[in-house]
Structures are given as C-alpha cells and as structure tokens.
There are 2 protein chains.
Amino acid sequence: MELDQRKQRVLRAIIIDYISTAEPVGSRTLAKKYDIGVSSATIRNEMSDLEEMGYLEQPHTSAGRVPSDRGYRFYVDSLMEGIQLEEQEVGVIKSLYKSKVKEFESVVKQTARVLSQTSDYLALVQGPRLKESVFRYLQLLPLSESKALLVLVTEDGFVQNKVIDVHGYADVQELQSVSMILNNYLQGHTLGTIGRGALRDLLTELSSYQRFLKELMEGLEVTSSGSDGEKIYLGGTANIIKQPEFQDVVRLQNILSTLEQEALIYDLLSHNDFGRGVSIQIGGENSLPELQECSIVSATYTLEGKTVGKLAVIGPKRMNYPRVIALVDVVTRSLSEFLADSLR
Amino acid sequence: MELDQRKQRVLRAIIIDYISTAEPVGSRTLAKKYDIGVSSATIRNEMSDLEEMGYLEQPHTSAGRVPSDRGYRFYVDSLMEGIQLEEQEVGVIKSLYKSKVKEFESVVKQTARVLSQTSDYLALVQGPRLKESVFRYLQLLPLSESKALLVLVTEDGFVQNKVIDVHGYADVQELQSVSMILNNYLQGHTLGTIGRGALRDLLTELSSYQRFLKELMEGLEVTSSGSDGEKIYLGGTANIIKQPEFQDVVRLQNILSTLEQEALIYDLLSHNDFGRGVSIQIGGENSLPELQECSIVSATYTLEGKTVGKLAVIGPKRMNYPRVIALVDVVTRSLSEFLADSLR
DNA sequence: AGTTAGCACTCACGAAGATAGAGTGCTAAC
DNA sequence: GTTAGCACTCTATCTTCGTGAGTGCTAACT
C-alpha cells in the first residue's frame, strides 16, 4: 500500500519529534505541535495504520509510537530534506586541512576528532587501504648485525615499514642492491598483488641474497595484506554515552568492545558498498548484532578516483540524519581534496 | 603514629575485602572472614583509629569503612605481597612478541590489547618518543609537480613521514642531493634538537634549494616536536564500564573524553617519573581531576637503556595491584626485549 | 465515508511509606 | 585492654498507590 500524503505528514512529524525528544510520540502531542490539520483521533487512526504497515512500533500498549527501522528508512529516502551547513562550520572543518606540513596519519586522526565533535556522535575513520595502492619505492636499511628496516612507499605517498631479519650481516651496499632490483621489478604493482610468489621471477637475480629472501618476501606480503595497514581511528567515544538509548551499561559495553575489534569494523564498512556518495545503514541493516540500535552514515574518500579508505559516523537510529549526512559529505570531500593536494 | 601489627592486619583485611567486593567493609564481616584474632568490637575500635589516622573513610555513618587513598598507598607500599604470574599467562604475553616480520606500530597496538585483556582494566601504550631518538637517515622522494615525501628514520628503526611542498618541480636528482647533504649533517643529532635553526649551518651548501628550504625545516621540526610522533594506543575501553564504581554515566563520560585527549595522557605519564620500574599513582595522586577515582600503574619501556615510551594500566583504586603490577612488569620487559631483538 | 468528541481502559513512572539489615558507637562488665 | 550488649542511624529495597499520557472503540456529526 502506498503512503498517502497525510500518512507521510504524520510519519514525518513523529520521526522529527522522536529524534529531538527520544520519547514515544502520542497523537495529542502531534495534533498540538505539528500542523497536520486533523484531530488527534484521526491521527490515532493513521498511526494505527502506520503501525500495521510496519513504519511505527509501540514500546507498550499505553505509550506513544516510535519509528521502526522501516520508518526511518522511509524518512531518510523520501521525507527528509537535505540541509546546508553553516558557512562558518564548513570553515572549521576545512581549516583542518590547511596545515602546511602534513603527516597523513595525524590528518586521519584529526578527521576522526573533528567529525565526532561536529556531529556529537561517534566518528570512525579508516586509514588508507594499502592493498589497493600502487608500489612506488622501497628502501632497505641496515639496522644491526642481522636486522634491516624495510621502508615501502606507495604512489600515493603512503609509507609502511617493517623490521626484517636478514640472517647475518648485510651491509649498506648489499641492501642497496637488493632494493634496486626490487624497485625495478615491483614498479607499478598493486601492493595487494605482491604475494609470496612475487619474487619468483627474480630468483636468479637475487640468488646471492638467498639467506634472507624468505624474510623479504614475508615482509612484502604482510605489508600489503589484510587489515594490517588499515588502521582505524575512533573519535568521540564519550559521545555515545550522552544518548539516552545507550545509558544501559551492558549495551554500552557491547558497543565499545565491538568497536575495538578492527576486523569487525572493517566488515561493517565494506558491506556497505552500494553506490557512490554517502551511504546509510539504519539499525538492523548493519551486520553487527551489537550495533542493531545504531545507524551508520558512511562514505568513501578517494584519491584520483580510487578508494583510499572509508569514514563513518555512528549514532543512535534517532540521529540527526540531515546534519550528519551533510557533515560526512563535506568531511569526505575535504579529506579527498586534501589527498589530491598532497600530490599536486 | 606508627601502625602497630594489629592495625596493619585490620587495614590489610579491609583493603583485600573491599578490592574483591566493592562494598564497604564492616567489623563483623572482618571478624568472621579474616583471622584477626579479636572480636568485632575491638576491630571497631581499631577501625575508628584507622579512620582518624586517615587510612579509612566512611561513606556514611552507618556503613562500613572504605580505604582512603592513603590507605591504598600504605597497602601498596608496605602490606602487599608481590605475586608470580602463571607460566602459561606469561607465555601468552611473550608469544605476542615472537612474530617474525615486525611492524612496530602494530606491536604497540597489540601490546595495548593484551595488557587490557589480561588485566581486565583499561590499558594504554604510548608510542616511541621520537624526540629523544637519534637521527639516522632521511629520504626525499618526489610525489608530484610540487610535492615531495620526506621519510625520516631513527637509529632505533622508527620511521616518520611527511608531505612537504617544494614549490615547483624538484626532480629525483635534486631531492637526492638535498637528502645527501642533510644526511651527512644530521647524522647523530637527536631529533628533538633539530629545530628551526638546524639548517643554518648548511645555508650555503643548500643555497640552490632556497625555494623549499623553509618547508623542509618545518618538516624536520614538526616531525620531532610535541606529542606529534607519540601516538597513544588504548585497549579495553569497555573494561572500565564493568567496574561498579564507574556505572555512573557522567563520570564515565568524563573519563572517556579525558582519555581521548592525548595531550593530557602525555602529561599524566610524564608526571610520574619517580624511579625505575613500575610506578603507581593512586586516586588523587594523579594530576587529572577526572581520574581521581582511578589508579594508574605505569612503566617505561626502553631500548639500550634509553626511554622509548611508556605504558600503563588504568583501573579503579580498588584494583588488583599485585596482579597488575606483575603484568605491567612482564609486558614492559617483553616489549623492551622485543625492541632490543629488532636491533640485534 | 471520513472525521471527531467522548470515554473507558491500560500501563509506566514516581512519590511515599514501611521494613529489614548492616553497621556504628557507647557503656559496663570481664 | 578486650568484649558483649544494646540503642541508634542510615541506606537500600519493596510495596502501594495515585497520576497522567496514551490508546482504541463507539457513536454522533458533516
């Protein structure tokens, strides 16, 4: 069944009211506060219909109604109007990306902070996906009698480093030669494709460095695999505590421990790949049982059209969607721009 | 006044009981559960004395007693016995540091995780203090028309990187030359001492790179200053919620927001520099008002005798001190050993 | 047919009171 | 110096009860 004009008006009013009060909304409140144009009795009938259709829920018989996941979804898709952020607010965000000397990691960290502060919810920024970056350059530096430092740089200017065991002394000369050979060969490879077999083609060329070839391969491989390089930065953990729906200590604990498991977060963000721009998961739409009461507004930041990482705001289903969407959008753009600038 | 044998016995029993129950301890409980050898009435008198002397506090008139900061301090300094961790537990911790290919940052992160999991409190690990590390090597790589990547490596094998603006095209050759000059000159300097004036002595040598000298200086400076390089990793945020004393939502929020401010944490850890080994701050002994109800057990991990960073466990004053001390100790040692191994 | 007023009914929530129980401090006897 | 006994204090918990917001239904109204 379609939602007629009046049902939409009612639903919209309920959601708006509930978002700002966190209290179940009753028909009388609605009739008084919002200009629906009919009496509370009529609204009651509409609400009853909306509940039957799955857009509303009732916490208990004699309470007002609360939006269901479906209700929120309809609101987000059809009822909500986008908003424009204050100039000044946008300014605050953009100023973050103006600093001259830039270490990417601290930029990511600050992004998480600013996103949590402006939204008043929890923010989450995933560092660059090295796996998908292209190899640019590596350097092997002697550290000691038997250890060397492997520094690896991608085309985008991301750096990764490891200590590897070279099993016995390797001098600068020797490491330099290996570096050169590898640099020539790996040029242009995507890090994700540099697997254990990567060096097979070079076996003859590298034969004199037999003793640490295995370590080197592992070094290159781990560097580029899994969630290794994709650190996740949280901001505003304390913000979720403010929300009345998360006063429950057990639930809070579940949420926090979930957020500490980077692998889960990684899944959370990758499942939500539909389409470009800002994407929204409401309540049960996300895959983590502990986050069923949350909504997640996320987006992908890019460099030269390629995905670098994701960022998200996590809040109660009752979140201020228009504002959060606008924030995520502007932060994502700013961060992408910043990256582009770093290479300009 | 000195605490006689019996007062000490009473104090000890109270603290042990309170640590395990989180409930104010009464005289009758004490007489029954602990072998003090006198009646509850006598214990009452002793408790009254102990309160007068500042070792105990009473939440309200008709409740049992609770240890004061001073009480805990006496316990930690004089009454408590150290414990030995289970072999198996030590094994779990040490196994963390056995992996072959090592990226230091992920090791630090895992340290925070294991420390929080084994202690069941919140753990905190501060990354390497680059400021105090010695310059080893730097490399400038062209990123684009006008940007270059500055990669900086310390003697300990820590890596830091930045994007700097070179104002117009700089080719590999050019950047290589600058790198060489800087490498020669900065050899052996402590990063903290590479200030804005660092390159003054090289002005003539570098005169042909005038256009990006300023940026370069800033790059080198920021790299080594402030809390920039000293990232702080948290583990087990969810653990503090378990503690009955932190059920209060407002307090919890204060604690969490405090912990997100790295600068504060940095202060917290540096104030506590007395002596070697594991150090303990109880309640009001730390400088942060939001953490007055917490105790902090911290230690310094080192490389070749020099401080690299700190780590800490934060829990309620009512924490299991012997266990946490043992854990912090073994983790600190393991991490230091791991670092030493990386350079061996 | 759709809308509205009226009304009985439900149910969570908060205040108020009652009760229990743990604990203290004091006194007097041992 | 130690202990038993006892009156007193105070919190935590449970129950009860009233209140008010809200619903759903019915019957009248437009």
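No hydrogens, no waters, no symmetry mates; every other heavy atom, side chains included, goes into these values. Sequence lines set the chain letters: A, B, ... in the order given, protein chains first and strands last, and positions in each chain run from 1.
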Engineer: Check whether any side-chain heavy atom of A:Ile43 sits under 4.5 Å from a side-chain heavy atom of A:Met47, and report yes or no.
Structural biologist: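 Counting from C-beta outward, A:Ile43 and A:Met47 do come under 4.5 Å.
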
Engineer: Side chain of A:Met47 only, please: which of C:dG23, D:dT23, D:dG24 is the nearest?
Structural biologist: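 Per side-chain heavy atoms of A:Met47, the pick is D:dT23.
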
Engineer: Determine which nucleotide pairs with D:dC17, using a 3.5 Å limit on both distances of a Watson-Crick or G-U wobble pair.
Structural biologist: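 Its partner is C:dG14 (Watson-Crick or G-U wobble, both distances under 3.5 Å).
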
Engineer: For the pair made of CD1 in B:Ile43 and C1' in C:dG23, what is the distance, rounded to whole Å?
Structural biologist: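 Rounding to the nearest Å, CD1 of B:Ile43 and C1' of C:dG23 are 13 Å apart.
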
Engineer: Do B:Ser48 side-chain atoms and B:Arg44 backbone N/O form a donor-acceptor pair below 3.5 Å?
Structural biologist: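 Judged by distance alone, no pair lies under 3.5 Å.
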
Engineer: Establish, with yes or no, whether the OP1 or OP2 oxygen of C:dT24 is under 4.0 angstrom from a side-chain nitrogen or oxygen of B:Ser27.
Structural biologist: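 Answer is yes, contact under 4.0 Å.
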
Engineer: Quick one: is A:Thr61 getting a side-chain N or O under 4.0 Å of the D:dG22 phosphate, OP1 or OP2?
Structural biologist: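 A:Thr61 to D:dG22 OP1/OP2: no side-chain N or O under 4.0 Å.
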
Engineer: Between B:Ser68 (side chain) and B:Gly54 (backbone), is there a donor-acceptor pair under 3.5 Å?
Structural biologist: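 A pair under 3.5 Å: yes.
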
Engineer: Does a donor on one side chain and an acceptor on the other come within less than 3.5 Å for B:Thr237 and A:Glu260?
Structural biologist: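 Indeed, the side chains of B:Thr237 and A:Glu260 share at least one donor-acceptor pair under 3.5 Å.
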
Engineer: Return no unless some side-chain N or O of A:Ser62 is found under 4.0 Å from OP1 or OP2 of C:dC9.
Structural biologist: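 Looking at the OP1 and OP2 atoms of C:dC9, neither is under 4.0 Å from any side-chain N or O of A:Ser62.
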
Engineer: Output the rounded distance in Å from CD (A:Glu51) to P (D:dG22).
Structural biologist: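 In whole Å, D:dG22 P and A:Glu51 CD are 15 Å from each other.
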
Engineer: To the nearest angstrom, how far is B:Ile14 atom CD1 from C:dG23 atom P?
Structural biologist: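 From B:Ile14 CD1 to C:dG23 P: 12 Å.
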
Engineer: Any carboxylate oxygen within less than 4.0 angstrom of a Lys/Arg side-chain nitrogen, looking at B:Glu262 and A:Arg113?
Structural biologist: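 Judged by the 4.0 Å cut-off on N to carboxylate O distance, B:Glu262 and A:Arg113 do not form a salt bridge.
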
Engineer: In the 5'-to-3' direction, what one-character label does each nucleotide of nucleotides 3-8 of chain C receive under the scheme B = base within less than 4.0 Å of a protein heavy atom, S = sugar-phosphate only, - = no such atom?
Structural biologist: SBBB--

Engineer: For the residue pair B:Ile93 and B:Val331, what are the closest heavy atoms and their distance?
Structural biologist: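 Closest heavy-atom pair between B:Ile93 and B:Val331: CG2-CG2, 3.9 Å.
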
Engineer: Whole angstrom is fine here: how far is it from NZ in B:Lys33 over to P in C:dG23?
Structural biologist: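 About 10 Å, once rounded to whole Å.
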
Engineer: Please confirm whether the shortest side-chain N or O distance from A:Arg65 to OP1 or OP2 of D:dT23 is below 4.0 Å.
Structural biologist: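 Yes.
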
Engineer: Would you compute the distance between atom CG of B:Asp69 and atom NZ of B:Lys317 and round it to the nearest 0.5 angstrom?
Structural biologist: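 B:Asp69 atom CG to B:Lys317 atom NZ measures 4.0 Å (nearest 0.5 Å).
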
Engineer: Any strand is fair game: report the nucleotide pairing with D:dT3 by Watson-Crick or G-U wobble, both distances under 3.5 Å, or none.
Structural biologist: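 Checking every strand shown, D:dT3 finds its partner in C:dA28, with both distances under 3.5 Å.
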
